[in-house]
Protein chains: 2
Amino acid sequence: MRVGELSRKTGVPVPTIKYYVREGLLPPGELTSRNQASYDETHERRLRLIRALLDVGGMRVAEIADVLAALDDPERPLHKVLGAAADRVGGASAAYDDAESAAARGIVADLVSRRGWRAQASNPAAVELAEALAAMARLGHGAFADVLDDYADAAEQVARADLGYLDRQVAVEDMVEGMVVGTVLGEAVFGALRRLAHVDASARRYGED
Amino acid sequence: MRVGELSRKTGVPVPTIKYYVREGLLPPGELTSRNQASYDETHERRLRLIRALLDVGGMRVAEIADVLAALDDPERPLHKVLGAAADRVGGASAAYDDAESAAARGIVADLVSRRGWRAQASNPAAVELAEALAAMARLGHGAFADVLDDYADAAEQVARADLGYLDRQVAVEDMVEGMVVGTVLGEAVFGALRRLAHVDASARRYGED
DNA sequence: GATAGCGGATAGTTCCGCTATCCACTTTGG
DNA sequence: CCAAAGTGGATAGCGGAACTATCCGCTATC
């Protein structure tokens, strides 16, 4: 298959495919002559994965490049790949250093030890959590920390469901990719479900419509 | 207070404040002369809200403008404001129309009726959910739909926690804003917790570190 | 042997979230 | 009272991100 057919099958324009190759998201096709290359189903699959992570997962091209590089690494340290996938939000937060941030970090540390979670305070997810809580505190919603345990219960339930799905449904050789898909697209799924549940709860309380 | 002090208190540069005013995120200060205006704590609070929605919630400026406009509408149709807050992801999805999309819409419709959720199929959250499931199906993870009920349980639990927090902790006049904060920043909080739970579960299974 | 398509390279476009500059005009400090 | 600092308002520019367009010499195909 050459690039035109790949484009037709996936709906991704040819110049965009070239761009993804340039950026290292997609391996180049195998050259059969100086200016002819052939692509196969692995390229097609990879391209669909890229679009899903972009469109549904909201990831950025550079983040996807990192995750896919980790995914293609034959060493495959599973939780490292996941780390790359999970760090996608990390970004360049200025790391405030006010009272709220310090308090939030303390709340997170308490939560992690209370739960017995094997996670470091330096974990990007923990940092992000602390930042979110600090932002809420600055908005006068410091008491939101009181519902953290309810949130954590739900998060554990979701994580259990994810692992169970992987065990039951995914072949070993696809597990790393499955974890990436589950982590990134699963977040979109859960976010949508949460908003649906909000709509329902809100509709039950206040008026019909 | 004039713009310089507002800037100092919030850490937002003056030109950026001017930009937010131009974009309708922040109401202009009250003019005391042709080129002097005064700002108060409501401006400060609003500015912090803007930065939280931007930095932590990942919203875009135009989306924030929509949400805040709804929030400031004295008619205050609560679930409309929430709708504006929840639609933030909606964006310009091309709305595929293949077999996977149709199947995913069916799965979502089943879920909504099975749960007895008061939500329309046209709801942006439902559409987004269907798109996410369709993307997974295209990647060979159609069986992920099997864990949807686990996800939905967790989503309901989170939604209950959110409403409970609002009832207990937030004054009536702040409830609309509280719902926006909870919806948007709560998603960041949950996402971080989910990733922490993944890290923990993954660490328990595969190696130490 | 004409035509369509290709791989590879480079340059341009659009959008977004700011940031810089300018202006005429207060406010403030000495 | 006057100079320096700051202000509101307007316009223009910038840097990053994700494409998109164009061009080249070449190749597959009919």
Side-chain angles (χ1 to χ4, degrees), chain A residues 1-40 43 47 49-68 88-94, chain B residues 1-40 43 46-68 88-94:
Chain A
M1 160 176 32
R2 284 175 307 170
V3 80
E5 189 177 348
L6 184 61
S7 169
R8 244 169 285 121
K9 279 190 179 172
T10 59
V12 179
V14 171
T16 304
I17 294 176
K18 289 181 173 185
Y19 165 68
Y20 291 156
V21 173
R22 276 200 309 279
E23 295 298 313
L25 303 200
L26 191 66
E30 196 181 347
L31 280 178
T32 62
S33 20
R34 190 190 306 279
N35 67 336
Q36 299 289 296
S38 80
Y39 302 82
D40 57 22
H43 292 93
L47 199 42
L49 175 59
I50 292 167
R51 294 314 289 233
L53 296 179
L54 265 179
D55 297 342
V56 181
M59 288 181 70
R60 302 215 231 128
V61 166
E63 296 164 345
I64 296 176
D66 289 348
V67 171
L68 294 183
R88 63 183 209 69
V89 183
S93 57
Chain B
M1 155 175 34
R2 285 176 306 172
V3 80
E5 190 177 349
L6 183 61
S7 169
R8 243 169 288 120
K9 279 189 179 174
T10 58
V12 179
V14 171
T16 304
I17 294 176
K18 289 182 173 184
Y19 165 67
Y20 291 157
V21 172
R22 277 201 308 278
E23 295 298 313
L25 303 201
L26 191 66
E30 197 180 348
L31 281 177
T32 61
S33 17
R34 189 192 307 278
N35 67 337
Q36 298 289 291
S38 79
Y39 301 83
D40 58 21
H43 291 94
R46 171 60 56 97
L47 199 43
R48 288 190 209 282
L49 176 59
I50 292 167
R51 294 313 289 235
L53 296 180
L54 265 179
D55 297 342
V56 181
M59 289 181 70
R60 303 216 233 130
V61 166
E63 295 164 345
I64 295 176
D66 290 348
V67 171
L68 295 182
R88 63 182 208 70
V89 183
S93 57

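Letters A, B, ... are given to chains in the order of the sequence lines, protein chains preceding strands, and every chain is numbered from 1.
- In this entry the distance linking CG of A:Leu47 with C1' of D:dA18 reads 15 Å, nearest Å.
- For the pair A:Gln36 CD and C:dG7 P, the computed distance is 6 Å after rounding to whole Å.
- Nearest-nucleotide assignment on DNA chain D puts the 5′-proximal partner with A:Ala62, out of A:Arg34 and A:Ala62.
- If you measure from atom CG of B:Asn35 to atom P of D:dA10, you get 12 Å, rounded to the nearest angstrom.
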When you look at B:Leu49 and B:Leu68, which way does the side-chain contact (heavy atoms from CB on, under 4.5 Å) test go after all the steps? CA-CA 10 Å; B:Leu49 176 59; B:Leu68 295 182; 3.9 Å; yes
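- Atom P of nucleotide C:dG8 and atom CZ of A:Arg2 are separated by 14 Å, given to the nearest angstrom.
- A straight line from CZ of B:Arg60 to C1' of C:dG17 spans 11 Å, rounded to a whole angstrom.
- Rounded to whole Å, the distance from CZ on A:Arg51 to P on D:dA18 is 11 Å.
- Between A:Ser7 and A:Val12 the shortest heavy-atom distance is OG-O, 2.7 Å.
- The two residues B:Ala37 and B:Arg2 make their nearest non-hydrogen contact at O-CG, 3.3 Å.
- Whole-Å rounding puts the B:Asp55 CG to C:dC16 P distance at 18 Å.
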Starting at the 5' end of DNA chain D, write a dot or bracket for each base, bracketing those in Watson-Crick or G-U wobble pairs whose two distances are under 3.5 Å and using | for partners on another strand. ||||||||||||||||||||||||||||||
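- Nearest heavy-atom pair across B:Ser38 and B:His43 is O-CE1, 4.5 Å.
- Side-chain polar atoms of A:Tyr20 and A:Arg51 form a donor-acceptor pair below 3.5 angstrom.
- What you find for B:Thr10 and B:Leu6 is that their closest heavy atoms are OG1-O, 2.8 Å.
- Under 4.0 angstrom from either OP1 or OP2 of D:dT7 there lies no side-chain N or O belonging to B:Ser33.
- If you take NE2 of A:His43 and C1' of C:dG7, they are 13 Å apart, rounded to a whole angstrom.
- Across A:Leu54 and A:Met59, no two heavy atoms sit closer than the pair CD2-O, 3.3 Å.
- Counting all heavy atoms, side chain and backbone alike, A:Val61 lies closest to A:Leu25 at O-CD2, 3.5 Å.
- DNA chain C is contacted by A:Lys18, A:Arg22, A:Leu31 of residues 13-32 of chain A, taking any non-hydrogen atom closer than 4.0 Å.
- Panel note: side chain A:Gln36, backbone A:Ser33; no donor-acceptor pair is recorded below 3.5 Å.
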